[in-house]
Q: 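Before anything else, here's the structure in question.
Count residues from 1 along the sequence.
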Amino acid sequence: GLLSRSPDHIRYLMAAWNLVAILFDVVGNILVLAICKNSDRIKLDKTSVIIIRNLSVADIGYSIYMTAILSNILAGKDLFDERWCAILLYTGYCFVSVDVYLLCFLNLNKLATLRSPLKAKYRSAKYGRMIVATIWFLSIVLSVSKTAILLATSNLEMMYQPLTYQCMPVFKKRAVRWTVVISTTFVVVVIPLLATVITTILLFYHVHH
């Protein structure tokens, strides 16, 4: 059945792995935030420092979702009802979206710095704050609206996956399922991946020349 358990030794290994990942995530990113607090010691432009700082915040935020999975693993069952499963899932989706797009813009900023190093050096912190604020706003709006729409309709059913101790959405209508899957993949994966690949190629080109 859906609530059948994995062997205990596998569950303990998964719990240990998740716990270590959460600890490294939280402690490591707190250290990054502490270092970024005194940005004068970092040989980076202000925009890059702001992006890196917000990357750390997004990583720490994703640990909320990881902690929910860890609690399921330790209990050996799903501890959350359908509504909370959807909220936790799309909270994780929000932080992942922020992470992906911040990494993408960090690459773009590196490219802009190589092309115009003097401009990058004197670019105000307001520019970086505008970028990260836009990314956070769009990610939160997309996640909240998607969660609200799915919870308000009868097209969503959260199914517990016993092997991974996670809840995953199951859409009753095929059209709704493919629309959500394609739109999510396109927004979170395809666009930033293409931008990252293109900017990486351009970065190598400028460094080579």
Side-chain angles (χ1 to χ4, degrees), residues 13-74 84 87-144 147 165-166 187-189 191-193 195-197 199-200 202-204 206-207:
L13 285 173
M14 291 177 67
W17 172 260
N18 275 265
L19 181 60
V20 170
I22 292 169
L23 289 175
F24 271 95
D25 178 24
V26 174
V27 174
N29 283 292
I30 287 174
L31 289 174
V32 172
L33 288 172
I35 294 170
C36 288
K37 189 175 181 180
N38 192 353
S39 57
D40 294 335
R41 294 182 181 180
I42 305 174
K43 303 301 181 181
L44 289 172
D45 59 285
K46 294 178 181 178
T47 301
S48 293
V49 173
I50 291 170
I51 292 174
I52 292 170
R53 187 183 301 155
N54 280 267
L55 270 169
S56 295
V57 173
D59 283 342
I60 293 172
Y62 187 72
S63 66
I64 296 171
Y65 180 63
M66 294 172 65
T67 304
I69 296 174
L70 177 61
S71 63
N72 283 343
I73 296 172
L74 292 174
W84 275 105
I87 291 171
L88 287 169
L89 178 66
Y90 286 104
T91 299
Y93 167 86
C94 173
F95 288 119
V96 169
S97 301
V98 172
D99 257 337
V100 169
Y101 275 97
L102 284 177
L103 284 171
C104 178
F105 272 93
L106 186 60
N107 252 17
L108 288 170
N109 189 65
K110 288 177 184 176
L111 180 62
T113 302
L114 279 178
R115 289 175 62 89
S116 306
L118 291 177
K119 287 183 179 179
K121 184 178 180 180
Y122 295 104
R123 193 176 289 138
S124 68
K126 185 178 179 181
Y127 172 78
R129 293 192 187 101
M130 287 176 60
I131 290 176
V132 298
T134 302
I135 292 173
W136 276 105
F137 176 76
L138 291 175
S139 297
I140 291 171
V141 167
L142 285 172
S143 299
V144 171
T147 305
Y165 298 93
Q166 299 180 59
V187 171
V188 181
V189 179
I191 294 177
L193 182 62
T196 303
V197 169
T199 51
T200 301
L202 292 173
L203 279 169
F204 276 112
H206 279 280
V207 170

Q: Enter the distance from Leu102:CG to Asn109:CG here, rounded to the nearest 0.5 Å.
A: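 Going from CG on Leu102 over to CG on Asn109, the span is 11.5 Å.
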
Q: Ignoring hydrogens and geometry, is there a side-chain-to-backbone donor-acceptor pair from Ser63 to Ile60 under 3.5 Å?
A: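 It does hold such a pair.
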
Q: How close do Ala58 and Asp99 get, counting heavy atoms only, and between which atoms?
A: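 Scanning both residues, the minimum pair turns out to be CB-OD1, 3.7 Å.
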
Q: Just do the side-chain contact (heavy atoms from CB on, under 4.5 Å) check on Leu106 and Ser48 with the steps written out, would you?
A: CA-CA 6 Å; Leu106 186 60; Ser48 293; 4.0 Å; yes

Q: Mind checking whether Tyr65 and Tyr62 have parallel, tilted or perpendicular rings, split at 30° and 60°?
A: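 Tilted, since the angle between the ring planes falls between 30° and 60°.
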
Q: Once rounded to the nearest 0.5 Å, what's the spacing between atom CD1 of Ile52 and atom CG of Asn29?
A: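 If I round to the nearest 0.5 Å, the distance is 11.5 Å.
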
Q: Between CD1 of Ile131 and CZ of Phe105, what distance do you get to the nearest 0.5 Å?
A: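 Interatomic distance, Ile131 CD1 to Phe105 CZ, rounded to 0.5 Å: 6.0 Å.
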
Q: So how far is it from Ile51 CD1 to Leu108 CG, rounded to the nearest 0.5 Å?
A: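 That separation rounds to 8.5 Å.
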
Q: Is it the case that the side chain of Ser71 and the backbone of Ala68 share a donor-acceptor pair, with hydrogens and angles ignored and the cut-off at 3.5 Å?
A: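 Checking the backbone N and O of Ala68 against the side chain of Ser71, a donor-acceptor pair under 3.5 Å is found.
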
Q: In Å and rounded to the nearest 0.5 Å, what is the CG to CD1 distance from Asn18 to Ile73?
A: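 Separation between the atoms: 4.0 Å.
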
Q: Suppose we screen for side-chain contact (heavy atoms from CB on, under 4.5 Å). Which residues come up paired with Thr67, at least two apart in sequence or across chains?
A: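 Thr67 satisfies side-chain contact (heavy atoms from CB on, under 4.5 Å) with Ile22 once adjacent residues are dropped.
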
Q: Only one of Leu19, Val26, Val20, Asp25 forms a side chain to side chain contact (heavy atoms under 4.5 Å, CB included) with Leu23, so which one is it?
A: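 Single pass found, and it is Leu19.
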
Q: Atom OH of Tyr93 and atom OG of Ser139: how far apart are they, to the nearest 0.5 Å?
A: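 Taking OH in Tyr93 and OG in Ser139, the distance rounds to 7.5 Å.
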
Q: State which residues pass side chain to side chain donor-acceptor pair (under 3.5 Å) with Thr200; sequence neighbours excluded, sorted by chain then number.
A: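 By the side chain to side chain donor-acceptor pair (under 3.5 Å) rule, Thr200 matches Asn107.
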
Q: What heavy-atom pair brings Met66 and Ala21 nearest, and what distance separates the two atoms?
A: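 Nearest heavy atoms, Met66 then Ala21: CE-CB, 3.5 Å.
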
